[in-house]
Asker: 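This is the structure, below, for whatever I ask next.
In each ligand, atom 1 is the first atom listed, and ligand 1 is the first ligand listed. Sequential numbering from 1 along the given sequence is applied to the chain's residues.
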Amino acid sequence: MAKPVSVEVWNPNGKYRVISTKPMPGTRWINLLIEQDCRVEICTEKKTILSVEDIIALIGNKCDGVIGQLTEDWGDTLFAALSRAGGKAFSNMAVGYNNVDVNAANKYGVAVGNTPGVLTETTAELAASLSLAASRRIVEADEFMRAGLYDGWLPHLFVGNLLKGQTVGVIGAGRIGSAYARMMVEGFKMNLIYYDLYQATRLEKFVTAYGEFLKSNGEQPVYWKRASSMDEVLREADVISLHPVLDKTTYHLINKESLATMKKEAILVNCSRGPVVDEVALVEHLKQNPMFRVGLDVFEDEPFMKPGLAEMKNAVVVPHIASASKWTREGMATLAALNVLGKIKGYPIWGDPNQVAPFLNENAPPPAACPSIVNAKALGLPVSKL
Ligand SMILES: NC(=O)c1ccc[n+]([C@@H]2O[C@H](COP(=O)([O-])OP(=O)(O)OC[C@H]3O[C@@H](n4cnc5c(N)ncnc54)[C@H](O)[C@@H]3O)[C@@H](O)[C@H]2O)c1
Ligand SMILES: O=C(O)[C@H](O)CO
């Protein structure tokens with residue numbers, strides 16, 4: 001039998017039992033659930049990553065919905081347990097849902113929510129931060145300073161790359177990739193080359209208009225290009241940032257061969273998912289090419305790094321914090337809670353998961369809809385007319 005798991009309970013007499021596998025930032029998400037007659041149980045176990053057995057114990061015999069995390073393995077076993085407990089709703093507190101077997105959820109009729117939009121700018125800002133940290137060698141220089149090694153200005157000390165006028169490459173120009181591209185183009189006047197399965201029309205229009213604005217001010221304009229292959233981006237760009245979903249088509253998209261295609265002094269940033277990069281090949285490439293630099297927020301075997309990565313001076317590494325701003329994390333919690341609540345209450349699905357602002361307005365009640373359910377079509381759930 002699974003060990004009991006410690007929880008904090010809110011509104012013990014609520015009609016619907018909703019579980020959150022982790023404490024989440026803010027209190028709005030808790031209040032929204034309580035106002036709609038939910039008993040909210042928040043797992044307070046100390047261990048960071050809950051096992052499938054821990055979550056089965058949390059679900060118990062009666063559970064209407066679960067808010068879970070990207071570190072959890074939501075497959076057949078958990079959806080079967082949730083379904084047995086009468087649950088019909090699950091939401092990841094994340095936009096990515098590669099940890100969720102959506103087919104298994106469909107089999108048990110469980111709606112799967114995610115949290116798009118609210119983390120777009122925050123995540124893009126971290127990708128921009130990593131681009132700068134890597135190009136200007138900020139972490140290396142900080143370590144040098146703290147080690148007491150600075151004994152005076154030198155012409156060669158921590159020389160890095162200038163971004164202005166260089167080319168930024170974006171692989172996966174969806175919400176986050178496009179927001180990052182705009183920051184790099186507008187902030188640093190970089191040219192853009194991107195690769196995506198779909199045309200990023202709004203992004204193209206933005207770069208065209210910004211280029212015209214610069215030209216009209218007598219400045220060097222910026223340009224964009226949609227690449228016909230990922231290799232074109234790898235060959236031409238000076239800074240390359242990865243923003244695709246993780247699926248079969250993007251697993252090890254960056255590998256030994258693709259790394260060899262990139263410029264020797266290029267910068268690679270990954271704020272998508274670790275397995276998009278073959279990390280063993282990356283470590284080898286970093287060893288062979290000391291002027292090649294990376295900024296990584298995500299890792300192939302989180303929470304671990306592949307051997308050798310931690311020793312590489314040309315790598316900047318942070319622990320999957322790209323969406324970690326207060327506003328975003330509270331908003332993610334709210335969207336996840338409203339996905340679960342909406343399904344429990346039988347609400348329809350919000351028409352455009354890219355426009356979630358009405359759910360985030362603290363001064364008005366949220367719309368009676370589920371903000372983002374990824375398997376809405378498969379489950380035949382109705383779309384809101386709001
Ligand atoms: N590090 C973090 O904390 C963090 C935060 C938020 C999101 N993410 C990751 O970023 C991903 C993207 O989020 P988003 O909101 O921008 O999603 P999105 O769906 O708006 O964008 C993903 C883009 O990837 C493109 N794509 C899919 N397959 C591709 C391929 N084979 N080659 C090139 N492009 C491809 C899609 O067409 C789409 O435009 C999420 O799925 C998640 O895994 C990570
Ligand atoms: O997919 C996501 O949302 C991130 O990885 C966590 O913010």
Side-chain angles (χ1 to χ4, degrees), residues 22 24-25 67-72 74 91-100 102 112-130 169-183 193-204 226-234 240-255 258 269-277 295-300 302-303 316-336 339 352-356 371-372 374:
K22 285 278 169 227
M24 299 190 293
I67 302 163
Q69 301 296 326
L70 59 87
T71 45
E72 298 156 8
W74 279 84
S91 183
N92 240 13
M93 184 207 165
V95 66
Y97 53 92
N98 51 289
N99 62 311
V100 181
V102 179
V112 173
N114 71 340
T115 63
V118 67
L119 39 63
T120 299
E121 301 292 325
T122 298
T123 304
E125 284 180 13
L126 200 272
S129 309
L130 288 174
V170 171
I171 296 176
R175 287 175 291 248
I176 299 168
S178 289
Y180 167 83
R182 283 182 60 150
M183 286 174 195
I193 179 167
Y194 78 93
Y195 176 70
D196 198 295
L197 311 178
Y198 302 97
Q199 187 173 7
T201 315
R202 286 182 61 186
L203 175 61
E204 291 175 0
R226 181 181 178 196
S228 53
S229 69
M230 186 184 77
D231 273 9
E232 204 179 329
V233 176
L234 300 181
I240 293 157
S241 196
L242 307 172
H243 297 284
V245 296
L246 170 62
D247 63 13
K248 276 188 252 140
T249 69
T250 60
Y251 176 79
H252 281 192
L253 201 62
I254 300 299
N255 51 36
S258 44
V269 171
N270 188 10
C271 286
S272 60
R273 284 288 183 266
V276 172
V277 175
L296 302 174
D297 179 54
V298 288
F299 304 88
E300 199 169 349
E302 277 180 41
V316 178
V317 289
V318 294
H320 204 149
I321 55 166
S323 67
S325 73
K326 183 174 179 290
W327 181 81
T328 286
R329 287 284 166 88
E330 291 186 3
M332 290 164 75
T334 296
L335 292 181
N339 280 329
D352 184 355
N354 293 320
Q355 305 295 336
V356 290
S372 178
V374 302

Asker: Any nitrogen or oxygen of R175, main chain or side chain, under 3.5 Å from a nitrogen or oxygen of ligand 1?
Answerer: yes
Asker: Tell me: protein heavy atom nearest atom 13 (O) of ligand 1, and distance?
Answerer: I176 CD1, 3.4 Å
Asker: Which residues pass the side chain to side chain contact (heavy atoms under 4.5 Å, CB included) test with V298, not counting sequence neighbours?
Answerer: N270, E302, H320
Asker: Can you confirm, on distance only, whether ligand 1 has an N/O atom lying under 3.5 Å from any N/O atom belonging to T123?
Answerer: no
Asker: What pairs with P275 under side chain to side chain contact (heavy atoms under 4.5 Å, CB included), at least two apart in sequence or on another chain?
Answerer: L246, Y251, R273, E300
Asker: With a 4.0 Å cut-off on heavy atoms, is C271 in contact with ligand 1?
Answerer: yes
Asker: Could you check atom 25 (C) of ligand 1 against the protein and tell me its nearest heavy-atom contact, residue, atom and distance included?
Answerer: D196 OD2, 3.3 Å
Asker: Nearest to atom 27 (C) of ligand 1, what protein heavy atom do you find, and at what distance?
Answerer: V245 CG2, 3.8 Å
Asker: Hey, does H320 come in under 3.5 Å of ligand 1, counting only N/O atoms on both sides?
Answerer: yes
Asker: Show the atoms of ligand 1 that are less than 4.0 angstrom away from any heavy atom in Y198.
Answerer: 37 (O)
Asker: Give a table of atom pairs where an N or O of ligand 2 lies under 3.5 Å from a protein N or O.
Answerer:
{"from": "ligand 2", "atom 1": "1 (O)", "to": "G96", "atom 2": "N", "distance (Å)": "2.9"}
{"from": "ligand 2", "atom 1": "1 (O)", "to": "R273", "atom 2": "NH1", "distance (Å)": "3.4"}
{"from": "ligand 2", "atom 1": "1 (O)", "to": "R273", "atom 2": "NH2", "distance (Å)": "2.7"}
{"from": "ligand 2", "atom 1": "3 (O)", "to": "V95", "atom 2": "N", "distance (Å)": "2.7"}
{"from": "ligand 2", "atom 1": "5 (O)", "to": "R273", "atom 2": "NH1", "distance (Å)": "2.7"}
{"from": "ligand 2", "atom 1": "5 (O)", "to": "R273", "atom 2": "NH2", "distance (Å)": "3.3"}
{"from": "ligand 2", "atom 1": "5 (O)", "to": "H320", "atom 2": "NE2", "distance (Å)": "2.7"}
{"from": "ligand 2", "atom 1": "7 (O)", "to": "S323", "atom 2": "OG", "distance (Å)": "2.6"}

Asker: Is the closest heavy-atom distance from L246 to ligand 1 below 4.0 Å?
Answerer: no
Asker: Tell me, please, which residues at least two apart from T334 pass side chain to side chain contact (heavy atoms under 4.5 Å, CB included).
Answerer: R28, W29, L32, L338
